[in-house]
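The structure appears below as structure tokens.
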Amino acid sequence: MAVDTTVSRYRAALLQEAELEKRLIDARTERQICEKMLALRGSRGDDKSANRVHAEEVIAKHADRLEPSDWEMLDSEFCTTGEAARYTGLSATSIKRYCDRGDFATKRSSMKRRLISTVSLVEFMINGKTEETS
């Protein structure tokens, strides 16, 4: 009888600890969202680029689904084809193909290098799109 009581108390303590850990994770996530929103707003003020406005919309819409790698990717506005390939796990050739099809917003640098919008990459990953097989 005493063993059952001890086990039930232990189980209740574990459940309470798990609930507290969940609340802590939720609070940390909320803090990250707020910090990212403040960074996006603070760096540009009222003169926001369309890409930054889109980033804010994606964060607001998918905040609960963003992973740490997504947050890191959103730290910059654009990335190279190689960085996009490492982030998505696709080959550089596939990334270029997606860019050519218009799946990712791109621009060219002064050195004519392809720069890919990080917001479009994060959205692509959130939506769970995968490379099409022929």
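Because only heavy atoms are used, hydrogens play no part in the values below, and waters and symmetry mates are left out as well, while side chains stay in.
For the pair Ala85 and Ala92, the tightest heavy-atom approach, listed with the atom from each and the gap, is CB-N, 3.9 Å.
Atom CD of Glu19 has more than 12 heavy atoms from other residues, nucleotides or ligands within 6.0 Å.
Taking the charged nitrogens against the carboxylate oxygens, Asp100 and Lys96 have no contact shorter than 4.0 Å, which rules out a salt bridge.
Arg97 CZ to Ser91 OG: the interatomic distance, rounded to the nearest 0.5 Å, is 6.5 Å. Interatomic distance, Asp4 CG to Arg11 CZ, rounded to the nearest 0.5 Å: 13.0 Å. Note that CD1 of Ile95 and OG1 of Thr81 are 7.5 Å apart. Values are rounded to the nearest 0.5 Å. If you take SG on Cys79 and CZ on Arg86, they are separated by 9.0 Å, rounding to the nearest 0.5 Å. Note that the CZ atom of Arg23 and the CZ atom of Arg28 stand 15.0 Å from one another [nearest 0.5 Å]. Rounding to the nearest 0.5 Å places CD of Glu83 at 9.0 Å from CG of Leu115.
No side-chain heavy atom of Glu123 sits less than 4.5 Å from a side-chain heavy atom of Ile126.
Looking at Thr29, its side chain does come within 3.5 Å of a backbone N or O of Ile25 through a donor-acceptor pair. Between the Ser117 side chain and the Phe78 main chain, no donor and acceptor come within less than 3.5 Å of each other. Without hydrogens or angle criteria, Thr106 side chain to Cys99 main chain gives no donor-acceptor distance under 3.5 Å.
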Check against side-chain contact (heavy atoms from CB on, under 4.5 Å), Arg108 and Arg113: CA-CA 5 Å; Arg108 294 286 180 166; Arg113 294 182 70 189; over 6 Å; no
Applying side-chain contact (heavy atoms from CB on, under 4.5 Å) to Ile116 and Leu121, what does each step give before you reach the verdict? CA-CA 8 Å; Ile116 303 164; Leu121 284 171; 3.9 Å; yes
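Partners of Phe104 according to the ring pair (Phe, Tyr, Trp, His ring centres under 6.0 Å) rule, which considers only residues two or more places apart in sequence or in another chain, are Tyr98, Phe124.
At a cut-off of 3.5 Å, with distance as the only test, no side-chain donor of Ser8 or Thr5 sits close to an acceptor on the other residue.
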